[in-house]
Amino acid sequence: MSPDAWLPQPALCLSALSLLFSLVPTGLGMEVMAPPIINAMNGSSVKLSCTFNSCYKVENKQFSLNWTYQECMNCSEELFLQFRMKIMNKQLERFGNRVEFTGNPTKNDVSFTLNNVQLEDEGTYNCYVLNPPDRQRGHASISLKVLTEEPPKRDSTVAVIVGASVGGFLAVVILVLMVVKCVRRKKQQRLNTDDQKTEEEGKTDGEGNPEEGTK
(Lines give C-alpha, C1' and ligand atoms only; values in the text may rest on other atoms or scores of the structure.)
Protein backbone atom coordinates (compact mmCIF):
# COMPACT_ATOMS: atom_id res chain seq x y z
CA MET A 1 0.00 0.00 0.00
CA SER A 2 1.47 3.30 -1.05
CA PRO A 3 1.92 5.83 1.78
CA ASP A 4 0.48 8.48 -0.53
CA ALA A 5 -3.13 9.67 -0.50
CA TRP A 6 -5.43 6.68 0.03
CA LEU A 7 -9.07 6.36 -0.95
CA PRO A 8 -11.17 3.33 0.04
CA GLN A 9 -12.83 1.26 -2.68
CA PRO A 10 -15.19 1.88 -4.39
CA ALA A 11 -15.16 5.50 -3.26
CA LEU A 12 -12.02 5.95 -5.38
CA CYS A 13 -13.98 5.87 -8.63
CA LEU A 14 -16.82 8.02 -7.30
CA SER A 15 -14.39 10.64 -6.01
CA ALA A 16 -12.47 10.58 -9.28
CA LEU A 17 -15.66 11.13 -11.27
CA SER A 18 -16.74 13.95 -8.98
CA LEU A 19 -13.35 15.62 -9.42
CA LEU A 20 -13.46 15.26 -13.20
CA PHE A 21 -16.91 16.85 -13.38
CA SER A 22 -15.65 19.71 -11.20
CA LEU A 23 -12.85 20.38 -13.71
CA VAL A 24 -15.23 21.50 -16.46
CA PRO A 25 -14.72 25.29 -16.91
CA THR A 26 -17.81 27.27 -15.96
CA GLY A 27 -16.57 30.86 -16.14
CA LEU A 28 -13.93 33.15 -17.49
CA GLY A 29 -11.73 32.98 -14.39
CA MET A 30 -8.91 30.53 -13.91
CA GLU A 31 -9.72 27.08 -12.53
CA VAL A 32 -8.01 25.45 -9.56
CA MET A 33 -8.47 21.70 -9.11
CA ALA A 34 -7.96 19.51 -6.05
CA PRO A 35 -9.55 16.28 -4.76
CA PRO A 36 -12.31 17.20 -2.28
CA ILE A 37 -11.28 14.49 0.20
CA ILE A 38 -7.94 12.79 0.85
CA ASN A 39 -7.46 9.96 3.35
CA ALA A 40 -4.02 9.31 4.83
CA MET A 41 -2.68 6.75 7.29
CA ASN A 42 -1.39 8.08 10.60
CA GLY A 43 2.41 8.35 10.44
CA SER A 44 2.58 8.25 6.62
CA SER A 45 3.45 10.93 4.07
CA VAL A 46 0.63 12.27 1.91
CA LYS A 47 0.63 14.48 -1.17
CA LEU A 48 -2.09 17.15 -1.23
CA SER A 49 -2.51 17.68 -4.93
CA CYS A 50 -3.55 21.05 -6.36
CA THR A 51 -3.29 22.06 -10.02
CA PHE A 52 -4.64 24.96 -12.06
CA ASN A 53 -5.57 25.97 -15.60
CA SER A 54 -4.65 29.36 -16.99
CA CYS A 55 -4.56 30.89 -20.44
CA TYR A 56 -1.32 32.65 -19.61
CA LYS A 57 2.25 31.60 -19.01
CA VAL A 58 3.37 31.60 -15.38
CA GLU A 59 5.72 34.47 -14.56
CA ASN A 60 7.34 34.22 -11.12
CA LYS A 61 7.28 38.00 -10.64
CA GLN A 62 3.47 38.06 -10.86
CA PHE A 63 2.37 34.57 -9.85
CA SER A 64 1.23 34.05 -6.26
CA LEU A 65 0.17 31.03 -4.18
CA ASN A 66 -1.22 30.60 -0.68
CA TRP A 67 -1.88 27.37 1.22
CA THR A 68 -3.94 27.76 4.39
CA TYR A 69 -5.20 25.35 7.06
CA GLN A 70 -8.55 25.36 8.87
CA GLU A 71 -9.05 23.10 11.88
CA CYS A 72 -12.85 23.41 11.62
CA MET A 73 -15.42 24.95 9.27
CA ASN A 74 -15.79 28.12 11.35
CA CYS A 75 -12.14 28.34 12.38
CA SER A 76 -9.86 31.04 10.99
CA GLU A 77 -7.44 30.13 8.20
CA GLU A 78 -3.75 29.77 9.08
CA LEU A 79 -1.23 30.53 6.32
CA PHE A 80 1.54 27.91 6.25
CA LEU A 81 2.94 27.97 2.71
CA GLN A 82 3.30 30.87 0.27
CA PHE A 83 4.85 31.61 -3.13
CA ARG A 84 6.02 35.16 -3.84
CA MET A 85 8.94 35.03 -6.30
CA LYS A 86 9.99 31.89 -4.42
CA ILE A 87 8.44 29.34 -2.10
CA MET A 88 8.22 30.37 1.55
CA ASN A 89 7.17 28.08 4.41
CA LYS A 90 5.35 29.70 7.31
CA GLN A 91 6.41 27.22 9.98
CA LEU A 92 3.27 26.75 12.01
CA GLU A 93 3.89 24.97 15.30
CA ARG A 94 1.41 22.25 14.38
CA PHE A 95 3.36 21.28 11.24
CA GLY A 96 6.95 22.02 12.27
CA ASN A 97 9.17 21.19 9.31
CA ARG A 98 6.87 18.47 7.95
CA VAL A 99 5.58 20.58 5.00
CA GLU A 100 7.45 20.08 1.72
CA PHE A 101 6.52 21.91 -1.50
CA THR A 102 6.55 19.27 -4.26
CA GLY A 103 4.80 21.17 -7.06
CA ASN A 104 6.07 23.15 -10.04
CA PRO A 105 4.14 26.37 -10.82
CA THR A 106 5.52 26.54 -14.38
CA LYS A 107 3.78 23.19 -14.97
CA ASN A 108 0.56 24.37 -13.29
CA ASP A 109 1.22 22.21 -10.23
CA VAL A 110 1.22 23.75 -6.72
CA SER A 111 0.98 20.55 -4.66
CA PHE A 112 2.75 19.92 -1.37
CA THR A 113 3.59 16.85 0.71
CA LEU A 114 2.83 16.54 4.41
CA ASN A 115 5.26 14.15 6.10
CA ASN A 116 4.65 12.06 9.21
CA VAL A 117 0.91 12.75 9.23
CA GLN A 118 -0.60 13.18 12.69
CA LEU A 119 -4.20 12.82 13.88
CA GLU A 120 -4.33 16.55 14.65
CA ASP A 121 -3.54 17.31 10.98
CA GLU A 122 -7.15 16.59 10.07
CA GLY A 123 -8.98 19.61 8.70
CA THR A 124 -9.45 21.68 5.55
CA TYR A 125 -6.53 22.75 3.37
CA ASN A 126 -7.18 25.70 1.04
CA CYS A 127 -5.22 26.32 -2.16
CA TYR A 128 -5.33 29.89 -3.56
CA VAL A 129 -3.71 30.71 -6.92
CA LEU A 130 -3.38 33.97 -8.88
CA ASN A 131 -1.68 34.12 -12.27
CA PRO A 132 -1.91 37.59 -13.87
CA PRO A 133 -3.15 38.79 -16.29
CA ASP A 134 -5.94 36.52 -14.97
CA ARG A 135 -7.77 38.91 -12.64
CA GLN A 136 -9.66 36.35 -10.58
CA ARG A 137 -7.93 34.34 -7.88
CA GLY A 138 -8.68 30.62 -8.08
CA HIS A 139 -9.48 28.51 -5.02
CA ALA A 140 -9.88 24.83 -4.15
CA SER A 141 -10.24 22.99 -0.83
CA ILE A 142 -9.16 19.56 0.41
CA SER A 143 -10.59 17.81 3.45
CA LEU A 144 -7.86 15.64 4.98
CA LYS A 145 -8.96 12.57 6.96
CA VAL A 146 -6.36 10.71 9.04
CA LEU A 147 -6.91 6.96 9.46
CA THR A 148 -5.51 4.72 12.17
CA GLU A 149 -6.23 1.47 10.30
CA GLU A 150 -7.02 0.46 6.74
CA PRO A 151 -10.64 -0.49 5.95
CA PRO A 152 -11.12 -3.88 4.24
CA LYS A 153 -10.49 -3.95 0.52
CA ARG A 154 -13.44 -4.28 -1.86
CA ASP A 155 -13.52 -5.53 -5.44
CA SER A 156 -14.50 -2.62 -7.68
CA THR A 157 -13.04 -3.70 -11.03
CA VAL A 158 -16.19 -2.78 -12.96
CA ALA A 159 -16.38 0.62 -11.28
CA VAL A 160 -12.72 1.29 -12.12
CA ILE A 161 -13.27 0.41 -15.80
CA VAL A 162 -16.37 2.61 -16.05
CA GLY A 163 -14.65 5.44 -14.21
CA ALA A 164 -11.60 5.26 -16.47
CA SER A 165 -13.76 5.34 -19.62
CA VAL A 166 -15.85 8.28 -18.47
CA GLY A 167 -12.75 10.04 -17.14
CA GLY A 168 -11.00 9.77 -20.51
CA PHE A 169 -13.99 11.27 -22.31
CA LEU A 170 -14.29 14.12 -19.80
CA ALA A 171 -10.58 14.86 -20.08
CA VAL A 172 -10.98 15.44 -23.84
CA VAL A 173 -14.05 17.64 -23.26
CA ILE A 174 -12.18 19.69 -20.65
CA LEU A 175 -9.22 20.21 -22.98
CA VAL A 176 -11.48 21.44 -25.79
CA LEU A 177 -13.38 23.79 -23.46
CA MET A 178 -10.15 25.25 -22.11
CA VAL A 179 -8.84 25.95 -25.61
CA VAL A 180 -12.12 27.64 -26.61
CA LYS A 181 -12.18 29.67 -23.40
CA CYS A 182 -8.60 30.90 -23.87
CA VAL A 183 -9.23 31.89 -27.49
CA ARG A 184 -12.39 33.82 -26.53
CA ARG A 185 -10.70 35.54 -23.60
CA LYS A 186 -7.72 36.72 -25.63
CA LYS A 187 -10.02 37.86 -28.47
CA GLN A 188 -12.11 39.87 -26.01
CA GLN A 189 -8.99 41.48 -24.58
CA ARG A 190 -7.89 42.52 -28.08
CA LEU A 191 -11.34 44.01 -28.77
CA ASN A 192 -11.24 45.94 -25.50
CA THR A 193 -7.80 47.27 -26.38
CA ASP A 194 -8.93 48.33 -29.89
CA ASP A 195 -12.03 50.07 -28.50
CA GLN A 196 -9.90 51.97 -26.02
CA LYS A 197 -7.50 53.09 -28.78
CA THR A 198 -10.41 54.21 -30.99
CA GLU A 199 -11.90 56.25 -28.16
CA GLU A 200 -8.56 57.91 -27.44
CA GLU A 201 -8.04 58.73 -31.14
CA GLY A 202 -11.55 60.26 -31.30
CA LYS A 203 -10.78 62.56 -28.42
CA THR A 204 -7.50 63.58 -30.04
CA ASP A 205 -9.21 64.43 -33.36
CA GLY A 206 -11.85 66.53 -31.60
CA GLU A 207 -9.25 68.59 -29.79
CA GLY A 208 -6.55 68.61 -32.46
CA ASN A 209 -7.35 71.73 -34.62
CA PRO A 210 -9.59 74.38 -33.05
CA GLU A 211 -9.21 76.74 -36.09
CA GLU A 212 -11.19 74.35 -38.35
CA GLY A 213 -14.41 75.19 -36.52
CA THR A 214 -14.11 78.94 -37.35
CA LYS A 215 -13.63 78.62 -41.11
Side-chain angles (χ1 to χ4, degrees), residues 1-23 31-52 64-84 86-105 107-129 137-164 166-167 171:
M1 176 73 64
S2 170
D4 286 340
W6 184 90
L7 287 172
Q9 301 290 349
L12 173 60
C13 296
L14 296 177
S15 297
L17 288 175
S18 298
L19 174 60
L20 285 168
F21 278 113
S22 69
L23 297 182
E31 288 81 35
V32 177
M33 293 79 65
I37 299 175
I38 290 181
N39 294 334
M41 292 297 298
N42 185 35
S44 68
S45 293
V46 61
K47 180 179 179 180
L48 278 75
S49 176
C50 183
T51 58
F52 64 93
S64 65
L65 162 70
N66 286 342
W67 272 103
T68 67
Y69 169 78
Q70 280 181 286
E71 187 173 3
C72 64
M73 182 177 297
N74 297 323
C75 296
S76 60
E77 297 185 31
E78 302 176 76
L79 178 66
F80 66 89
L81 192 150
Q82 189 176 43
F83 188 99
R84 296 289 189 280
K86 64 178 182 178
I87 198 67
M88 295 177 285
N89 283 18
K90 305 291 184 179
Q91 299 293 354
L92 295 182
E93 184 176 352
R94 70 167 62 248
F95 296 133
N97 59 355
R98 295 184 294 120
V99 172
E100 177 186 1
F101 183 72
T102 50
N104 185 344
K107 296 184 178 180
N108 294 12
D109 184 354
V110 290
S111 309
F112 79 94
T113 297
L114 183 61
N115 297 306
N116 190 20
V117 174
Q118 305 296 308
L119 293 176
E120 55 268 25
D121 293 334
E122 278 199 350
T124 301
Y125 292 77
N126 298 289
C127 176
Y128 296 97
V129 180
R137 183 174 69 164
H139 169 241
S141 297
I142 300 173
S143 178
L144 178 65
K145 307 294 183 183
V146 181
L147 308 177
T148 56
E149 61 180 18
E150 299 178 3
K153 296 181 180 179
R154 299 178 183 178
D155 186 8
S156 59
T157 304
V158 175
V160 171
I161 294 175
V162 173
V166 176

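Everything quoted here is computed from the prediction, not taken from an experiment. Quick note: numbers below take in every heavy atom, side chains included, and nothing from hydrogens, waters or symmetry partners.
With ring centers used as reference points, F112 lies under 6.0 Å from F80. The aromatic ring centroids of Y125 and W67 lie 6.0 Å or more from each other.
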What do the steps show when you test F95 against L114 for side chain to side chain contact (heavy atoms under 4.5 Å, CB included), and what is the final call?
CA-CA 8 Å; F95 296 133; L114 183 61; 4.0 Å; yes

Hey, mind stepping through S111 and L48 against side chain to side chain contact (heavy atoms under 4.5 Å, CB included) and telling me if it holds?
CA-CA 6 Å; S111 309; L48 278 75; over 6 Å; no

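In summary, K90 and E78 do not engage in a salt bridge, as defined by a charged side-chain N under 4.0 Å from a carboxylate O.
The side chain to side chain donor-acceptor pair (under 3.5 Å) test applied to R137 returns no partner, not counting sequence neighbours. Among residues two or more places apart in sequence or in another chain, the ring pair (Phe, Tyr, Trp, His ring centres under 6.0 Å) test is passed with F83 by F63. By the side chain to side chain contact (heavy atoms under 4.5 Å, CB included) test, S141 pairs with T124, N126, H139, sequence neighbours left out.
Counting heavy atoms from C-beta outward, N116 and Q118 have side chains that approach closer than 4.5 Å. By the 4.5 Å heavy-atom criterion applied to side chains, V46 and T113 are not counted as neighbours. Counting heavy atoms from C-beta on, the side chains of E122 and L144 never come closer than 4.5 Å. Looking only at side-chain heavy atoms (C-beta outward), Q82 and I87 stay at 4.5 Å or farther from each other. Counting only heavy atoms from C-beta outward, the side chains of R94 and E71 approach each other to under 4.5 Å. Side-chain contact between I37 and P35 is absent, with no heavy-atom pair separated by less than 4.5 Å. Within the 4.5 Å cutoff, side-chain heavy atoms of L81 are placed close to those of F101. The closest side-chain heavy-atom distance from P36 to I142 is not below 4.5 Å.
For the atom pair CD of E100 and NZ of K47, the computed distance is 10.5 Å after rounding to the nearest 0.5 Å. Residue L79 holds its CG atom at 5.0 Å from CG of N66, rounded to the nearest 0.5 Å. Between the CG atom of N104 and the CG atom of D109 there is a distance of 7.0 Å, given to the nearest 0.5 Å.
Using a distance-only test at 3.5 Å, with no hydrogens or angles considered, no donor-acceptor pair links the side chain of E31 to the main chain of F52. For N42 (side chain) and V146 (main-chain N/O), no donor-acceptor pair under 3.5 Å exists by modelled atom type. The closest donor-acceptor contact from the side chain of Q70 to the backbone of C75 lies under 3.5 Å. In this structure, R98 contributes its side chain and N115 its backbone to a donor-acceptor pair below 3.5 Å.
For the pair I38 and S49, the tightest heavy-atom approach, listed with the atom from each and the gap, is CD1-N, 4.3 Å.
Of the N and O atoms on the side chains of T51 and N108, not one donor lies less than 3.5 Å from an acceptor on the other residue.
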